[in-house]
Amino acid sequence: MVGIMRYFELFAIPVDYNVDLAKVTKNYLELQRAVHPDRHANASSRDKLLAVQNTAEINDALQILKHPVKRAEYMLSELGVDIRAEQQTLQDPLFLMQQMELREELEELSTSDDPDTAIAQFEKQIKQLDSQYSAQLAEQLASNDEQQWQLAADSIRKLKFVYKLRDELERIEDSLFDD
Amino acid sequence: MALLQIAEPGQSAAPHEHKLAIGIDLGTTNSLVATVQSGEARTLTDVNGAAMLPSVVRYAADGITVGELAAQAATQDPVNTLISVKRFLGKTQAEIEQSYGQLPYDFCQHDGALAITTAAGNISPITASSDILKALKQRAEESFAGQDILGAVITVPAYFDDAQRQSTKDAAELAGINVLRLLNEPTAAAVAYGLDSGQEGIIAVYDLGGGTFDISILRLNQGVFEVLATGGDSSLGGDDFDSLLVDHFKRETGVMTLSPSVLRLFINKAKACKEALSQYAKVNVGLEFDDEKYTVEVTREKFEELAMVLVKKTLRSCRRAVKDAGITNDEVLQVVMVGGSTRMPIVRNQVAEFFNKEPLTSIDPDRVVALGAALQADVLVGNKPDSDMLLLDVLPLSLGLETMGGLVEKIIPRNTTIPVARAQEFTTFKDGQTAMSLHVLQGERELVDDCRSLAKFSLKGIPPMAAGAAHIRVTFKVDADGLLSVSAMEKSTGVQAEIQVKPSFGLSDDQVANMLKESMTNAKDDMQARMLKEQQVEALRVIEALYASLATDSALLAEHELTNLNAEIAKLVTVRETATEPNQIKAAIEKVDNASSKFAELRMDASIKKALQGQSVDNV
């Protein structure tokens, strides 16, 4: 693995897409105990500013390490492929077809005879897609081959679709069981 | 009387070890100040033994009075007596009138900010708040026999937005208080009960004060206090319970129209009756006026029958807050009671029934917020180096920028742990566009009109380019107090155009400096002396902090660097004691800052490494 991956070093965790979230949270709190401005409340103005900057960076690193898509995009950009501001769309007709079918299925959930079971089943499909693309992504990001990094970009784009479906499902669930 | 002030001898065995810090509850109706002494948090009282200072300031032609005396003058001099100014902080005149209807005040604009015309001049809500803070600071100084107060933690409601927090901090600065941290009131109450250590889960803070009701749902997770939801009623409090009794007295005596002085009598008797009913099942109220004598008997049962409608109203807010937080009543681990009105048995019983658990009431609900703030101040100032307490706050409301079509683009979403810095890039939409105006907003809604406008400013001097070619990087920075600063920069050509944020509500640094000067001349105080004092305190902070760091980490520096730094510190020690001009000390501090900047960075890096010691990547 190349790239600098500063955030992984900062949190003392191995550079791997599959992060140990419990460890990230634990180390985050240890880091905060060291640098948080409250720990330097009685220091000089200069030192306080330094503490704020360091804490802000650690907070930012946490957001990125915790979030699967942000983490992947960060790792990929460290490898020299920055897709964070891209306008490019996914070119994979099969995948897009599958997404359209899933969307239709999702829209029918609320009118289903047994929404509980239907939602549970749909959730299972999403989980499966999530683990499938996440596993691919982890492998592609761990590779030293530039070709693989381009494929990783596609995996990220696909994961974004999957997470959008998941958010949509949550909204439907909320509206169904909210009163 | 004077003996009371020095009841506690200020000298401990090691006088330099314990640093003085205070916690301030700047309340809508009453304000308090507390400190930690001998390991115990306690509120400080005035010469009459009262801990609560009514948040009332009277600006008469012949001078300013704060607290009880001002409150007593409220009926005869309503125009010049500012009550509950906290409600006005960070608000526009239109917002205030919409929320509170007709008020006896004469609002005006002063230096582009909201003010109230009084006999003592135009007074902004910030100035009035600072006069309350000054009174509390003075009380603390007297009880510390002149020792320096190194800093204060000031509490604010969890729902306060940036403008309101900024105004609170400005008020503190005007009062000459070094703010260690702005702390959310419900968090402070939870800290007073020690809920920050050990427990994890959902905490509800039920705060029924004199004139306001707040309910906050917090989640405590590994040292982070997250505000899940807030709710309440800004015009429901203990006073409303009093007026229920006043109406009852009217019915019982048959005297329906009251002169102002009789009304005042009724209100005072109602308050006393309400308080007595928290202990007794029955109270006989004697009402003597206009040569008539009445006795009204009030049972607790009768009072609770009257009060139930108000208590139910608070529970409705609780239900909504619980729902907003996305939790159920059963998930609430602890309920903390805050505010004097929670002493009423009916309130305690109903809240216990609603959350299905006994609420925490062992700490005086009037003082609990100030005590929590004092505990936090004690830790922040460095009196408890071994304390693990770290309160990480989150941004209460999302921050964003206006984009095309009156929509808000969120830059930092709510509940992001602070401090935080986020940047976002924008571009021009017209060919040859050389300026861009930015509108900073706070709130959760999508439309600009539904969010609170915090600041507007423009970035000028963008080199003319085709539409979409310029890259404007806007950076939002939020510090640990939740205060925002925004900057923008054009980066594609390397041309940097810096902008100044002109806050719509808080004060610019110049305004603060001017107001400080003004207040000094008004009070005939010696500006120079005060600035000198402030620099001396800052110098002491720098010296003590450096000595403490050098004691543990001097090995990080090469010998000549160490010698050089020690020499600069020694100079500062001398200058601090001998200087007659604040600028002399300021210059010496700057020299020490420069000499120690490398040391500071090395220490910060070392502490980051040390925090995760033994966790190198290879052995995880």
Side-chain angles (χ1 to χ4, degrees), chain A residues 1 5-6 8-16 19-64 66-67 70 84-85 87 170 173-174 177-179, chain B residues 19 21 150-151 153 180-181 221-224 323 326 376-377 379-382 388-392 416-422 425 477-481 538 541-542 544-546 549 589-590 592-594 596-597 600-601 603-618 620:
Chain A
M1 168 117 326
M5 309 280 178
R6 226 187 89 66
F8 288 84
E9 194 196 336
L10 184 63
F11 275 67
I13 52 170
V15 181
D16 183 344
V19 296
D20 176 351
L21 284 178
K23 177 138 204 120
V24 166
T25 312
K26 184 177 163 284
N27 287 1
Y28 166 75
L29 288 172
E30 292 300 326
L31 287 171
Q32 286 289 32
R33 288 215 167 86
V35 302
H36 193 276
D38 280 1
R39 290 284 174 189
H40 306 269
N42 206 30
S44 66
S45 321
R46 199 262 331 274
D47 286 8
K48 276 190 242 181
L49 189 64
L50 198 63
V52 172
Q53 286 165 349
N54 275 279
T55 310
E57 191 189 16
I58 289 165
N59 278 331
D60 217 28
L62 176 74
Q63 293 308 316
I64 284 170
K66 260 171 59 175
H67 194 283
K70 282 186 195 156
R84 285 174 294 194
Q87 305 292 327
E170 261 170 38
E173 229 175 324
D174 282 349
F177 304 118
D178 199 26
D179 343 83
Chain B
K19 302 186 187 97
L150 284 178
V153 167
L180 297 166
R181 177 83 116 89
N221 178 26
Q222 298 178 304
V224 181
K323 197 164 173 254
Q376 167 81 342
V379 171
L380 291 187
V381 87
D388 241 8
M389 174 158 130
L390 184 64
L391 305 177
L392 302 179
T416 304
T417 313
I418 49 177
V420 67
R422 287 278 161 82
E425 282 186 19
K477 285 187 199 138
V478 181
D479 69 13
D481 294 321
E538 171 71 13
R541 217 187 332 265
V542 171
E544 287 196 347
L546 272 173
S549 327
I589 292 176
E590 261 166 40
V592 171
D593 267 355
N594 289 336
S596 66
S597 69
E601 269 166 45
R603 281 194 71 237
M604 190 65 82
D605 290 348
S607 69
I608 289 174
K609 289 217 177 73
K610 200 175 144 212
L612 302 178
Q613 210 167 30
Q615 295 196 32
S616 86
V617 172
D618 308 323
V620 279

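Note that the coordinates shown come from a computational prediction; the quantities given were computed from them, not determined experimentally. Just so it is clear: chains get the letters A, B, ... in the order the sequence lines come, proteins before strands, and each one is counted from 1.
Using a 4.5 Å cut-off between heavy atoms, Arg603(B) does not touch chain A at all. Of the atoms belonging to Glu57(A), not a single heavy atom falls under 4.5 Å from chain B. Contact of Leu62(A) with chain B is not made at all, since no heavy-atom distance falls under 4.5 Å. Only the side chain of Ala480(B) comes within contact range of chain A, with heavy atoms under 4.5 Å apart. For a residue to count as touching a neighbouring chain, one of its non-hydrogen atoms must lie under 4.5 Å from one of that chain's; by this rule Ser549(B) does not touch chain A. At a 4.5 Å heavy-atom cutoff, the contact between Glu601(B) and chain A is made by backbone and side-chain atoms alike. For Ile589(B), no part lies near chain A; criterion is any non-hydrogen pair under 4.5 Å.
Note that NZ of Lys610(B) and CD of Glu30(A) are 11.5 Å apart. Values are rounded to the nearest 0.5 Å. Atom CD1 of Ile418(B) sits about 7.5 Å away from atom NE2 of His36(A), to the nearest 0.5 Å. The NZ atom of Lys26(A) lies 8.0 Å from the CG atom of Leu612(B); values are rounded to the nearest 0.5 Å. The distance from atom CG of Leu180(B) to atom NZ of Lys48(A), rounded to the nearest 0.5 Å, is 7.0 Å.
Ranked by heavy-atom pairs under 4.5 Å with chain B, the list Leu31(A), Val52(A), Thr25(A) is led by Leu31(A). Contact count against chain B (heavy-atom pairs under 4.5 Å) is highest for Leu50(A) among Asp20(A), Leu50(A), Asp47(A). By number of non-hydrogen pairs under 4.5 angstrom with chain A, the leading residue of Val420(B), Leu150(B), Ile608(B), Val542(B) is Ile608(B).
Counted by atom type alone, Ser596(B) and Arg46(A) present one or more donor-acceptor pairs between their side chains at under 3.5 Å.
For Val379(B), the side-chain contact (heavy atoms from CB on, under 4.5 Å) criterion is met by Lys384(B), Ser387(B), Met389(B), not counting sequence neighbours. For Arg181(B), the salt bridge (Lys or Arg N to Asp or Glu O under 4.0 Å) partners at least two apart in sequence or on another chain are Asp38(A), Asp393(B).
Side-chain atoms of Asn59(A) come within 3.5 Å of backbone atoms of Pro419(B) as a donor-acceptor pair (strictly under, hydrogens ignored).
Side-chain contact check for Gln53(A) versus Met604(B): every heavy-atom pair is 4.5 Å or farther apart.
Between Val35(A) and Ser607(B), the shortest heavy-atom distance links the atoms CG1-OG, 4.5 Å.
The 12-atom threshold is exceeded at NZ of Lys70(A), counting heavy atoms of other residues, nucleotides or ligands nearer than 6.0 Å.
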